[in-house]
Number of protein chains: 2
Amino acid sequence: MTEQRNPVVGISGLAESRPTLKDEAVSIVRRALMSGDMQPGKIYSANALASQLGVSNSPVREAMMALSEKGLLEVVRNRGFRVVELSPDDQREVYDLRMLIEVTAVGRVADQGVSTEDGQRLATMVDTTLAAARPDNMIDYLERDQEFHLSMVQLLGNTRMTKIIENLRDQSRVSGSYHLAERGLLVASAAEHGPILAALLSGNRNLVESLMTEHLSYSLP
Amino acid sequence: MTEQRNPVVGISGLAESRPTLKDEAVSIVRRALMSGDMQPGKIYSANALASQLGVSNSPVREAMMALSEKGLLEVVRNRGFRVVELSPDDQREVYDLRMLIEVTAVGRVADQGVSTEDGQRLATMVDTTLAAARPDNMIDYLERDQEFHLSMVQLLGNTRMTKIIENLRDQSRVSGSYHLAERGLLVASAAEHGPILAALLSGNRNLVESLMTEHLSYSLP
DNA sequence: TAGAGATTGGTTATCGACAATCGATTGTGT
DNA sequence: ACACAATCGATTGTCGATAACCAATCTCTA
């Protein structure tokens, strides 16, 4: 019988060419990873999460598979999905890549020039990020931080490069970026965004790159 | 009753902690993409491929989803999976990234030094690749070429960087790398591997990087 | 006691089925 | 002839069920 199925309310009540259940599951799990609701090293069951969300296993499974491809989860056969726990070596792998790609990307943007409009937009982000830099507000802060950095990179126009950088940053975030809060370095890190943007707008590539290099060291343990 | 299920014979008859059906499907589709059996721009049905392989839709679907994550396919909602067709802009995105990452990676390997053993292994690959450089042998040749380049990069020990480079090279390969064969540049490209390896072994980073830079221009249209 | 082998508990990997959805095609009215 | 609505065919996205599987626990024997 054509009974109305369990509506499966996602996040937004909006109905706009509805995203697939898999997509919703991806963002839910992703958020749980970033917020620490899912802890590194622990194994989680796709089926269990599926029934929590009120959907069947398939879309949730696909979501966790996708996150495994991105290196945020590990598939443990017939056991579940383990949240990755970056070893010191892993962390340096990610760090090295970010130093190479992310720094170069922002440097190139400086070379290429930034429109006044984009400059304004970025300046706003610097402010809101700094305002969000409170230890009790880590999750939101990290989101703003991510937005600012990705917005700079996006100006280069290389979508693949942006995706790669986003993924690397996500990997950094999962395995505790909490040493920032612990050490009260949160505001210090946010405060560097201003000079970085200034250098970017002035088109000083060398300066931007050295500031970015220094800035990235905050993501080291 | 514990009845023997449909055996679902994969490719290799080997039974060694059997890979998942999804994994088998991934390599099958991947090969089809590289060989041109699946053509850029065309849409293929996961279910159709599933019944061709004698398995259900789920693992094949997961495989094609994974390849979509990697940028080799595009999901077209309720229509199927389209083989990506790189626009000129897309091709330059990939090219720019390879120039940045792949060249740097090989350069760093030169700095770091290569063991005699590894050098031997690479030298063998140079030979077999050159031997495979016949226009009627494109698929095999491309496989050897890939193996040589990835083996160099692997020596750096950054697994994530290797994966990224592998993915970028795969993207280059899908959308016809056939201009090589067409223009008879195949042997010319393979012949550059020797000097590259020589420069690598001699630890001359600058030389390696400039040779690699030149070499990559073969992957441009 | 110690160790091999059976049992258990929980999870996935895979299956087959079906409604929702999309693009193309056909049909209709002006 | 043309715009627009209804229909059609194909494919996915999602579902619920189940056997295969892994790790850990328990049992039994030497």
Side-chain angles (χ1 to χ4, degrees), chain A residues 1-10 14-29 38-39 41-69 72-84, chain B residues 1-11 14-29 38-39 41-69 73-84:
Chain A
M1 42 171 116
T2 52
E3 205 200 334
Q4 182 68 9
R5 199 165 280 272
N6 194 348
V8 185
V9 175
L14 255 293
E16 176 209 48
S17 81
R18 183 170 33 148
T20 66
L21 290 184
K22 174 201 158 195
D23 291 335
E24 300 201 18
V26 164
S27 48
I28 288 174
V29 176
M38 291 174 69
Q39 297 163 18
K42 284 202 172 176
I43 293 182
Y44 295 88
S45 151
N47 279 12
L49 180 55
S51 38
Q52 274 186 39
L53 298 179
V55 303
S56 109
N57 44 12
S58 309
V60 175
R61 179 179 160 78
E62 279 184 6
M64 301 186 86
M65 283 290 185
L67 291 170
S68 303
E69 295 281 340
L72 302 184
L73 295 176
E74 289 171 310
V75 184
V76 190
R77 254 219 174 181
N78 296 312
R79 291 285 297 159
F81 294 81
R82 181 191 295 124
V83 179
V84 290
Chain B
M1 204 35 82
T2 51
E3 204 201 334
Q4 183 67 12
R5 194 168 281 272
N6 194 350
V8 183
V9 175
I11 311 290
L14 254 292
E16 177 211 45
S17 81
R18 180 171 34 147
T20 67
L21 290 184
K22 173 202 157 193
D23 291 334
E24 299 201 20
V26 164
S27 49
I28 288 174
V29 175
M38 291 174 68
Q39 297 163 16
K42 283 201 173 175
I43 293 182
Y44 295 87
S45 151
N47 279 14
L49 180 55
S51 39
Q52 275 185 37
L53 298 179
V55 301
S56 108
N57 45 11
S58 308
V60 175
R61 178 180 160 79
E62 279 185 7
M64 302 186 85
M65 283 291 184
L67 291 170
S68 303
E69 295 281 339
L73 295 176
E74 288 171 313
V75 184
V76 189
R77 252 213 167 180
N78 296 312
R79 291 286 297 160
F81 294 82
R82 180 191 296 125
V83 180
V84 289

Could you tell me the separation between the [atom1] atom of [X] and the [atom2] atom of [N], rounded to a whole number of Å?
X	N	atom1	atom2	value
B:Asn57	C:dT14	CG	C1'	9 Å
A:Phe81	C:dG10	CZ	P	19 Å
A:Tyr44	C:dT11	OH	P	13 Å
B:Asn78	D:dC8	CG	C1'	15 Å
B:Lys22	C:dC15	NZ	P	15 Å
B:Arg79	D:dA10	CZ	P	11 Å
B:Glu24	C:dA13	CD	P	14 Å
B:Arg77	D:dT11	CZ	C1'	13 Å

Of the residues in residues 60-69 of chain A, which ones touch DNA chain C at a heavy-atom distance under 4.0 Å? A:Arg61, A:Met65

Name the stems with DNA chain C in them: runs of three or more consecutive Watson-Crick or G-U pairs, distances under 3.5 Å? C:1-30 with D:1-30

Any non-hydrogen side-chain atom of [X] less than 4.5 Å from a side-chain atom of [Y]?
X	Y	answer
B:Val84	B:Leu73	no
A:Met38	A:Val29	yes
B:Val75	B:Met65	yes
A:Val76	A:Phe81	no

At 4.0 Å (heavy atoms only), tell me whether B:Ala48 reaches a base, stays on the sugar-phosphate, or touches nothing. nothing

Describe the nucleic acid contact of B:Val75 in one word from base, sugar-phosphate, nothing, applying a heavy-atom distance below 4.0 Å. sugar-phosphate

Phosphate-side-chain proximity, B:Ser58 and C:dT14, N/O vs OP1/OP2 below 4.0 Å: no

Side-chain N or O of A:Asn47 less than 4.0 angstrom from OP1 or OP2 on C:dT12? yes

Looking at every non-hydrogen atom in both residues, tell me the closest pair between B:Val60 and B:Ser56 and how far apart they are. CG2-O, 4.0 Å

So if I take every side-chain heavy atom of A:Ala46 and compare against C:dC15, D:dT14, C:dT12, which nucleotide ends up nearest? C:dT12

So CD of B:Glu69 and OG of A:Ser68: to nearest 0.5 Å the spacing works out to 10.0 Å

Looking at A:Glu74 and A:Lys42, is any side-chain nitrogen of the basic one under 4.0 Å from a carboxylate oxygen of the acidic one? no

Salt bridge between B:Lys22 and A:Glu62, side-chain N to carboxylate O under 4.0 Å? no

Are the side chain of B:Ser51 and the backbone N or O of B:Gly54 linked by a donor-acceptor pair below 3.5 Å? no

